[in-house]
Amino acid sequence: MNALVPPVDHGLLGESAAPHAVISSRRHRAELALRIVGVAGLVGVVLTVWLGLWVTPPDAYMGNLVRLLYIHPSMAWDAFLAYGVSFAASACYLWPRTRDLRFDRLAGASAEAGVVFTAITLVTGSLWGRPTWGTWWVWDPLLTTTALLFVLYLGYLALRKVPGDPEVRAKRTAVGALVAFIDVPIVYFSVTWWKSLHQAPTISPGKSDVHGLMAWTMLLSFVTFSLVYVWFVAHRYRLAGLQAREEAEGLAYALAERRAEGGAKAVEKNEVLT
Amino acid sequence: MTDYAYVEAGYVVALGGLALYGASLVARERAARRRIPAVVPARSDERGVEHEGGAASS
């Protein structure tokens, strides 16, 4: 053991309890899987852009603007997916039987990716709205609730930055994630609940308004950006683990150093007295 | 602006945004990995010899 720093449970993937060879093999497999996801995501993005911009035909009504269909809905889907994962991980953290700081890290990692996807959804939607509706922004139920979703999760990320005991912070932010998630079904159903400029979902269970190559390209975009989402979350989760370890070891070192200083001063005082 | 310009702008925003976020994640992770050995102080063994980081155990 280190002479100065007390042992710290790194808690990255629960490695501390497993033998070194098992950890190494598990890490190697996880790294390989992440690389495969990254490469598959990259290939998917290239294919989506090629099919979306050059191969698929323009729409009879929307013309070339339909090409935004291969970007905008998949971004919104990934935002929902991200917030769903954040919600589930937060619920797992709050449930006493499954309470583990790894769920807190997963919730934070997924929410951060969700904010990125929501921002892109809002901007690409605005770029689609300008030539279609003649305006960059309207206070439409879907747009407004999506903007609210973005702000809610920005608030959640800000809440995660508030310093404090990791357990208390995790509990506080888990409640925040559950509250923020209430807006997700409101965003999804807003087009059916209220009159909206925005069209109803292009694809919903048992119904699709696109067919043929356009439908396949759209499906490809959903799979591709979901892979990108997985890659983001895996990297952000690892980063959160490193930050937690840094925080814990840094604090442990500072405390140990203080104790050592205190001990040295006491010895010096005793030497002076004797 | 033509319709195609809006489409291209949408693709640039989406892919550019994702690329920027991905690059920031990799950079932050590398920086964190570089900082980790720094927070583990030099330690001394039984003979008082100092070792860098926390790789060695006593």
Side-chain angles (χ1 to χ4, degrees), chain A residues 1-5 8 38 41 45 48-49 52-53 58 62-68 70-72 74-75 112-113 115-117 119-121 123-132 225 228-229 231-232 234-236 238-243 245-254 256-257, chain B:
Chain A
M1 290 302 294
N2 195 302
L4 200 54
V5 178
V8 176
V45 168
T48 304
V49 172
L53 287 182
M62 272 192 279
N64 278 319
L65 285 172
V66 78
R67 298 182 192 284
L68 285 167
Y70 312 122
I71 290 282
H72 177 71
S74 49
M75 294 293 150
E112 191 178 289
V115 166
V116 172
F117 282 112
I120 295 172
T121 305
V123 178
T124 52
S126 189
L127 282 165
W128 204 347
R130 180 73 182 92
T132 312
F225 292 113
V228 172
Y229 158 76
W231 192 88
F232 280 171
H235 275 275
R236 187 61 188 86
R238 275 200 328 204
L239 175 61
L242 288 169
Q243 286 169 335
R245 182 176 159 186
E246 192 181 0
E247 197 180 317
E249 284 184 351
L251 185 66
Y253 175 52
E257 206 173 34
Chain B
M1 249 174 116
T2 62
D3 282 0
Y4 219 89
Y6 286 105
V7 172
E8 282 174 343
Y11 275 70
V12 168
V13 165
L15 303 180
L18 294 180
L20 268 179
Y21 181 62
S24 88
L25 280 180
V26 172
R28 283 151 78 195
E29 200 177 321
R30 279 188 187 163
R33 279 195 200 283
R34 269 200 303 272
R35 279 197 309 267
I36 290 287
V39 296
V40 181
R43 48 170 290 286
S44 53
D45 62 16
E46 294 80 1
R47 293 167 293 161
V49 179
E50 287 210 335
H51 298 280
E52 285 267 316
S57 61
S58 54

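Labels below follow one simple rule: chain letters A, B, ... track the order of the sequence lines, proteins then strands, and each chain is numbered from 1. Here the structure is a predicted model, which is why all the values come from computation and not from measurement.
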Residue B/Leu15 versus chain A: region with a heavy atom under 4.5 Å: side chain

Minimum heavy-atom distance between A/Met62 and B/Asp3, given as atom pair plus value: O-OD2, 4.3 Å

A/Val49 versus chain B, the contacting section by heavy-atom distance below 4.5 Å: both

Test: B/Arg28 and A/Glu246 ion pair at under 4.0 Å: no

Best-contacting candidate, A/Leu68, A/Val45, A/Thr124, against chain B by heavy atom pairs under 4.5 angstrom: A/Leu68

Top of B/Gly16, B/Gly22, B/Ala5 for chain A proximity - count of heavy-atom pairs under 4.5 angstrom: B/Gly22

Minimum-distance pair of heavy atoms, taken over all atoms of B/Leu18 and A/Phe232: O-CZ, 3.3 Å

Pairwise distance CG(A/Leu65) to OH(B/Tyr4) - rounded to 0.5 angstrom: 11.0 Å

Value rounded to 0.5 Å, distance of CZ in A/Arg236 from OG in B/Ser24: 8.5 Å

Which residues share a salt bridge (Lys or Arg N to Asp or Glu O under 4.0 Å) with B/Glu8, sequence neighbours left out: none

Best-contacting candidate, B/Val26, B/Leu20, B/Leu25, against chain A by heavy atom pairs under 4.5 angstrom: B/Leu25

Greatest number of heavy atom pairs closer than 4.5 Å to chain B - which of A/Leu53, A/Val123, A/Val116, A/Val228: A/Leu53

Distance (rounded to the nearest 0.5 Å) between B/Glu29 CD and A/Leu242 CG: 6.0 Å

Minimum heavy-atom distance between B/Ala14 and A/Ile71, given as atom pair plus value: CB-CG2, 3.4 Å

Contacts of type ring-ring contact (aromatic ring centres under 6.0 Å, His included), residue B/Tyr11, not counting sequence neighbours: none

Stepwise side chain to side chain contact (heavy atoms under 4.5 Å, CB included) test for B/Arg35 and A/Arg245: CA-CA 11 Å; B/Arg35 279 197 309 267; A/Arg245 182 176 159 186; over 6 Å; no

Contacting region of A/Trp128 [heavy-atom separation from chain B under 4.5 Å]: neither

